[in-house]
Amino acid sequence: ANIVWKIKKGDLVRLKDYPTAREDEYVYTTGLVISDIIISDQQHQQQLWPSVDVYIFKTGAKRNCGPANLEIISCS
């Protein structure tokens with residue numbers, strides 16, 4: 001059975017971050033998917049899990065995220 005990840009460039013997502021020393025629970029931030037699904041890295045090696053690049057609104061940073069860390073809020 002294949003698992004299908006229906007995420008695409010332009011989707012608004014909620015990113016789950018793990019707690020730091022200040023928080024006891026997960027921290028959620030909002031971002032925008034800025035890449036298509038990535039299945040291989042720059043050395044053309046197959047990744048275990050697919051990922052996408054997400055622009056984080058709060059920090060202005062780009063982050064590579066997998067399916068376990070993202071929830072789609074709104075589709076593009």
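Sequence positions, counted from 1, serve as the residue numbers for this chain.
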Check your understanding: Are the side chains of Tyr55 and Lys62 in touch, meaning some heavy atoms are under 4.5 Å apart?
Key -> no
When the side chains of residues 7-14 are checked against the rest of the protein, which donor-acceptor pairs come out under 3.5 Å, sequence neighbours left out?
from, atom 1, to, atom 2, distance (Å)
Asp11, OD1, Ser76, N, 2.8
Asp11, OD1, Ser76, OG, 3.3
Asp11, OD2, Lys8, N, 2.9
Arg14, NE, Glu71, OE1, 3.3
Arg14, NH2, Glu71, OE1, 3.1

**Study point:** Same apolar cluster: Ile73 and Ile56, side chain cutoff 4.5 Å
**Key:** no
**Study point:** Non-hydrogen atoms of Leu15 and Arg63 that approach each other most closely
**Key:** CD2-NH1, 3.6 Å
Check your understanding: Any link between Val54 and Ile39 through a network of hydrophobic side chains (Ile, Leu, Val, Met, Phe, Trp, Tyr) touching at under 4.5 Å?
Key -> yes
**Study point:** Tyr26 to Asp17 - nearest heavy-atom pair and separation
**Key:** CD2-O, 3.3 Å
Check your understanding: Any idea which heavy atoms bring Pro67 and Pro50 closest together, and the distance?
Key -> CD-O, 3.3 Å
Check your understanding: For the atom pair CH2 (Trp5) and CG (Leu70), what is the distance rounded to the nearest 0.5 Å?
Key -> 5.5 Å
**Study point:** Where Ser35 and Val33 come nearest, the two heavy atoms and their spacing
**Key:** O-CG1, 3.3 Å
**Study point:** Partners meeting side-chain contact (heavy atoms from CB on, under 4.5 Å) with Leu32 (sequence neighbours left out)
**Key:** Phe57
